[in-house]
Amino acid sequence: MTARSGKPDPLPGRLSVLDTCVVSDALDWLGLPGSVLGLGPLWPGARLAGRARTVPTGPPPGGHVAAATVAAAGPGDVVVIAGGGRLDVSCWGGILTAAAAHRGIAGVVIDGAARDLDEICSLRFPVFARGAVMRTARGRIAQAGADEPVDVAGVRVAPGDLVIADGSGVVFVPAGRGDDVLGIAERLRAREAHILERLRGGEPVTELMSDASLTGGAGGTGEAGGAGG
């Protein structure tokens, strides 16, 4: 995988072995937004990690939602559709799912609804949304641009931002803070692993959950943020 500059891009790979909870904790530690509410997987076990290709939407006329973005995207990209939280119309369906899977796209995040849920599940393609609805986008909602900053459930998302999604939800990481956020997330994950080792060693969970290292910063200084359980 390469970054937009053409240089190797290690961050999506580092992100892919983390989870949304520890990345959200790292954002909290840094005082950054990025954890969105109300979006979840449309089939159990779905997860994705990659970089955002954003799709703003608006009223017709306009192009079919996400079609042009899917045609331009590829491996490691996550299609992020700013559907305004609408549940009365779909922003994604079976044909787009098949096209995205064929192109190796990592998945899609929709601040809105999708349809053709049975097809999505059968292809095991990662789709995160507010829910499912059968109503078509045609004549109701259209693509209003491409690869520009959008609002997703109250979080500003720019093209190239990092995206991770799993059973707990969806988290965005600003592109310029990726190394900082992932560095802290990795240390928090190591800290949680150490806490679990102590739990297996017989230490009571009441003491472990009040351990200062869980409420402190990534360096264990007790400043802010920390790992959750």
Side-chain angles (χ1 to χ4, degrees), residues 3 9-41 45-54 76 78 80-83 85 106-112 126 128-130 149-199 203-229:
D9 183 6
L11 296 186
R14 290 170 60 189
L15 184 66
S16 69
V17 298
L18 298 171
D19 60 63
T20 57
C21 297
V22 74
V23 177
S24 177
D25 289 346
L27 289 170
D28 285 346
W29 196 90
L30 291 168
L32 295 173
S35 303
V36 302
L37 303 179
L39 277 62
R47 59 175 290 120
L48 61 80
R51 289 194 179 271
R53 298 293 300 265
T54 58
V78 177
V80 178
I81 302 173
V108 60
V109 173
I110 308 165
D111 187 8
F128 290 75
R130 291 191 177 274
V150 296
D151 181 271
V152 177
V155 171
R156 197 66 169 168
V157 180
D161 283 354
L162 291 163
V163 192
I164 182 171
D166 57 25
S168 294
V170 179
V171 177
F172 295 98
V173 177
R177 301 301 302 273
D179 196 54
D180 295 337
V181 172
L182 297 193
I184 291 173
E186 288 160 350
R187 282 180 279 173
L188 291 175
R189 181 183 60 176
R191 177 182 297 166
E192 287 186 345
H194 177 62
I195 293 291
L196 287 172
E197 287 181 7
R198 292 169 58 190
L199 179 67
E203 294 188 50
V205 69
T206 51
E207 292 184 14
L208 292 174
M209 291 305 292
S210 61
D211 192 302
S213 70
L214 283 174
T215 57
T221 62
E223 294 173 353

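The nearest pair of heavy atoms linking Ser24 to Val171 is CB-CG2, 4.3 Å. When every heavy atom of Leu15 is checked against every heavy atom of Val163, the shortest pair comes out as CD2-O, 3.3 Å. Nearest heavy-atom pair across Gly50 and Pro12 is CA-CB, 4.4 Å. Residues Val22 and Arg189 come closest through the heavy atom pair CG2-N, 3.7 Å. When every heavy atom of Ala26 is checked against every heavy atom of Ala185, the shortest pair comes out as CB-N, 3.7 Å.
Residues passing the side chain to side chain contact (heavy atoms under 4.5 Å, CB included) test with Ala106 are Val78, sequence neighbours excluded. In this view, Ala165 and Leu48, Phe128, Val170 satisfy the side chain to side chain contact (heavy atoms under 4.5 Å, CB included) rule, not counting sequence neighbours. With sequence neighbours excluded, the residues that form a side chain to side chain donor-acceptor pair (under 3.5 Å) with Arg130 are Asp111. Listed by chain and number, the residues in a side chain to side chain donor-acceptor pair (under 3.5 Å) with Asp180 are Arg177 (sequence neighbours excluded). Residues passing the salt bridge (Lys or Arg N to Asp or Glu O under 4.0 Å) test with Arg14, sequence neighbours excluded: Asp179, Glu186. Partners of Thr54 by side chain to side chain donor-acceptor pair (under 3.5 Å), not counting sequence neighbours: none found.
Counting only heavy atoms from C-beta outward, the side chains of Ile184 and Leu30 approach each other to under 4.5 Å.
Between the CG atom of Asp28 and the CG atom of Leu188 there is a distance of 10.0 Å, given to the nearest 0.5 Å.
A salt bridge (Lys or Arg N to Asp or Glu O under 4.0 Å) with Arg198 is found for exactly one of Glu203, Glu192, Glu207, namely Glu203.
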Considering only distance and modelled atom types, tabulate donor-acceptor pairs under 3.5 Å from the side chains of residues 152-160, sequence neighbours left out.
none

**OP:** Would you check, one step at a time, whether the test side chain to side chain contact (heavy atoms under 4.5 Å, CB included) holds for Ile195 with Met209?
**Re:** CA-CA 9 Å; Ile195 293 291; Met209 291 305 292; 5.8 Å; no
**OP:** Check step by step if salt bridge (Lys or Arg N to Asp or Glu O under 4.0 Å) holds for Asp9 and Arg51.
**Re:** CA-CA 10 Å; Asp9 183 6; Arg51 289 194 179 271; 2.6 Å; yes
Subject >> Stepwise side chain to side chain contact (heavy atoms under 4.5 Å, CB included) check, Val109 with Phe172 >> reply: CA-CA 11 Å; Val109 173; Phe172 295 98; 4.1 Å; yes
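Sorted by first and then second residue, the side-chain hydrogen bond (donor to acceptor under 3.5 Å, both in side chains) pairs involving residues 159-176 (not counting sequence neighbours) are Thr20-Asp166.
Arg187 places no side-chain N or O within 3.5 Å of a backbone atom of Leu182 that could act as its donor or acceptor partner. A donor-acceptor pair is defined here as one N or O able to donate and one able to accept, closer than 3.5 Å; such a pair exists between the side chain of Ser16 and the backbone of Gly13.
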